[in-house]
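Only one structure is covered here, and it is reproduced in the block below.
Throughout, numbering of the chain's residues begins at 1 and tracks the sequence. Only a predicted model underlies this, so the values are computations on that prediction, with no experimental measurement involved. Heavy-atom basis, side chains included; hydrogens, waters and symmetry copies ignored.
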Amino acid sequence: MRTITEAVAALKRGEIIAYPTESTWGLGVDANNQHAVTALSQLKNRPQSKAFIVLVDNLDRIKHWIDFSQLPREINPNEGWPGPITKLFPTASACPTWLSLNNRIAVRVSAHPITMTLCHAFSGPVISTSANPSGKETLATTAAITTCFGEHISTIVPGEPGGQPPTRIVCLVTGTNIR
């Protein structure tokens, strides 16, 4: 297991890391690195039709990816953050295509102290996805992550997941709860 500093260095090198989140162990890469996002998708055997969640420590880091003009006026985009809620925002033209699905980007500002520290130290968006092959049970320990993914995971950030249920996902344009 590695420190936050080592995890940040791994993200900057385009490597896949594992880290604790509010609910379980997550896998992540630099969201700006298309090659790294593709490698993570392939490692998980994740369908291309499924977008990843982007973690940030502050929505300002990716505001140029979001078309705020499409949000209802009464929406406070930061309400409930930091916290276990993922929000679907309409994308602006600057949003990387590999991060959007149906002109939406899924974003979360985590309340988990380690995840928050990681995002702040990285100073950029990090992909968040559960630590498991797609369609399989989420791996609950660092030993299981190492056994399953081996050398494909360069760094495991020490800590414990929060044990909460998977985060709620809400579309801010329609107000619909997706999960």
*Taking the side chain as every heavy atom from C-beta outward, state whether Thr91 and Trp65 have any pair of such atoms under 4.5 Å apart.*
no
*asked:* Taking side-chain contact (heavy atoms from CB on, under 4.5 Å) as the definition, give me every residue that meets it alongside Ala121, ordered by chain and number, with sequence neighbours left out.
replied: Ile4, Val8
*Under the 3.5 angstrom rule, does the side chain of Thr21 hit a backbone N or O of Thr24 as a donor-acceptor pair?*
yes
*By salt bridge (Lys or Arg N to Asp or Glu O under 4.0 Å), which residues pair with Arg104, not counting sequence neighbours?*
none
*Report yes if some heavy atom in the side chain of Val109 is under 4.5 Å from a heavy atom in the side chain of Val56; otherwise report no.*
yes
*Minimum heavy-atom distance Gly14-Ala36, with the two atoms named*: O-CB, 3.5 Å
*Are side-chain N/O atoms of Glu22 and Ser110 paired as donor and acceptor at under 3.5 Å?*
yes
*Within the side chain of Lys12, is there an N or O that forms a donor-acceptor pair under 3.5 Å with the backbone of Asp30?*
no
*asked:* I'd like to know if the side chain of Lys87 reaches the main chain of Ala106, judged simply by a donor and an acceptor atom lying under 3.5 Å from each other, with no hydrogens or angles considered.
replied: no
_Option passing side-chain contact (heavy atoms from CB on, under 4.5 Å) with Ile127 (candidates Leu99, Ile17, Leu27)_ = Leu99
*Distance, nearest 0.5 Å, that separates OG1 of Thr141 from CG of Leu139*: 7.5 Å
*When hydrophobic residues are tied together by side-chain contacts of less than 4.5 Å, even through go-betweens, does Ile53 share a cluster with Val29?*
no
*Quick one: do the Thr167 and Thr86 side chains pair a donor with an acceptor below 3.5 Å?*
yes
*Cationic tip of Arg46 above Phe52 ring, under 6.0 Å, 45° of axis*: yes
*Applying the 4.5 Å side-chain criterion to the ILVMFWY set and letting contacts propagate, would Val126 and Leu101 be lumped into a single cluster?*
no
_Distance in Å, Ser93 OG paired with Asn103 CG, rounded so as to fall on 0.5 Å steps_ = 11.0 Å
*Say you draw a straight line from CG of Leu118 to OG of Ser128; how long is it, rounded to the nearest 0.5 Å?*
10.0 Å
*asked:* As an exercise, state the distance from CD1 of Ile105 to OG of Ser100, rounded to the nearest 0.5 Å.
replied: 7.0 Å
*Give a yes or no on whether Leu172 and Val54 share a hydrophobic cluster (residues Ile, Leu, Val, Met, Phe, Trp, Tyr; joining criterion: side-chain heavy atoms under 4.5 Å apart).*
yes
*asked:* With heavy-atom distances below 4.5 Å as the criterion, would you say the side chains of Val157 and Pro20 are in contact?
replied: yes
*Could you give me the CA-CA distance, side-chain angles and deciding distance for Thr38 and Trp98, then say whether side chain to side chain contact (heavy atoms under 4.5 Å, CB included) is met?*
CA-CA 8 Å; Thr38 299; Trp98 61 89; 5.9 Å; no
*Take the angle between the ring planes of Phe68 and Phe89 and call it parallel below 30°, perpendicular above 60°, tilted in between.*
perpendicular
_Tell me the closest heavy-atom pair linking Pro47 and Ser134, and the distance in Å._
CD-OG, 3.6 Å
*Determine whether Ile16 and Ser154 make a side-chain contact, defined as any pair of heavy atoms from C-beta on separated by less than 4.5 Å.*
no
*More than 12 foreign heavy atoms under 6.0 Å from CD of Glu74: is that the case here?*
yes
*Would you say the side chain of Asn45 lies within less than 4.5 Å of the side chain of Pro133, judging by non-hydrogen atoms?*
no
_Rounded distance [0.5 Å steps], CD in Gln164 versus CZ in Arg168_ = 12.5 Å
*asked:* So, applying side-chain contact (heavy atoms from CB on, under 4.5 Å) with Tyr19, which one of Ile156, Thr117, Leu55 is it?
replied: Leu55
*Could you tell me whether the side chain of Phe149 reaches within less than 4.5 Å of the side chain of Leu43, counting heavy atoms only?*
yes
*Is Thr138 close to Trp25 at the side-chain level, that is, under 4.5 Å between some pair of heavy atoms?*
no
*Between Gly159 and Ile114, what is the shortest heavy-atom contact and its length?*
CA-CD1, 3.5 Å
_Nonpolar side-chain network containing Met116, other nodes, edges under 4.5 Å_ = none
*Do any N or O atoms from the side chain of Asn177 and from the backbone of Arg179 form a donor-acceptor pair under 3.5 angstrom?*
no
*Does Ile169 sit in a hydrophobic cluster with other residues, and if so which ones, taking ILVMFWY side chains as linked at heavy-atom separations under 4.5 Å, directly or through other members?*
Leu88, Ile178
*More than 12 non-hydrogen atoms from neighbouring residues, nucleotides or ligands closer than 6.0 Å to CG on Asp60, yes or no?*
yes
_Criterion side chain to side chain contact (heavy atoms under 4.5 Å, CB included) on Lys44 and Ser130, from CA distance to verdict_ = CA-CA 9 Å; Lys44 285 186 55 99; Ser130 57; 3.5 Å; yes
*Output all residues satisfying side chain to side chain donor-acceptor pair (under 3.5 Å) with Asn58, sequence neighbours left out; order by chain, then residue number.*
none
*Kindly give the heavy-atom pair with the smallest separation between Asp57 and Arg61, and that separation in Å.*
OD1-NE, 2.5 Å
*With Arg13, which residues qualify under salt bridge (Lys or Arg N to Asp or Glu O under 4.0 Å), at least two apart?*
Glu15
*Donor-acceptor pair, Glu79 side chain versus Asn76 backbone, under 3.5 Å?*
no
*Would Leu11 and Asn33 count as a side chain to side chain contact (heavy atoms under 4.5 Å, CB included) if you check the C-alpha gap in whole Å, the side-chain angles of each, and the deciding distance to 0.1 Å?*
CA-CA 9 Å; Leu11 289 170; Asn33 184 329; over 6 Å; no
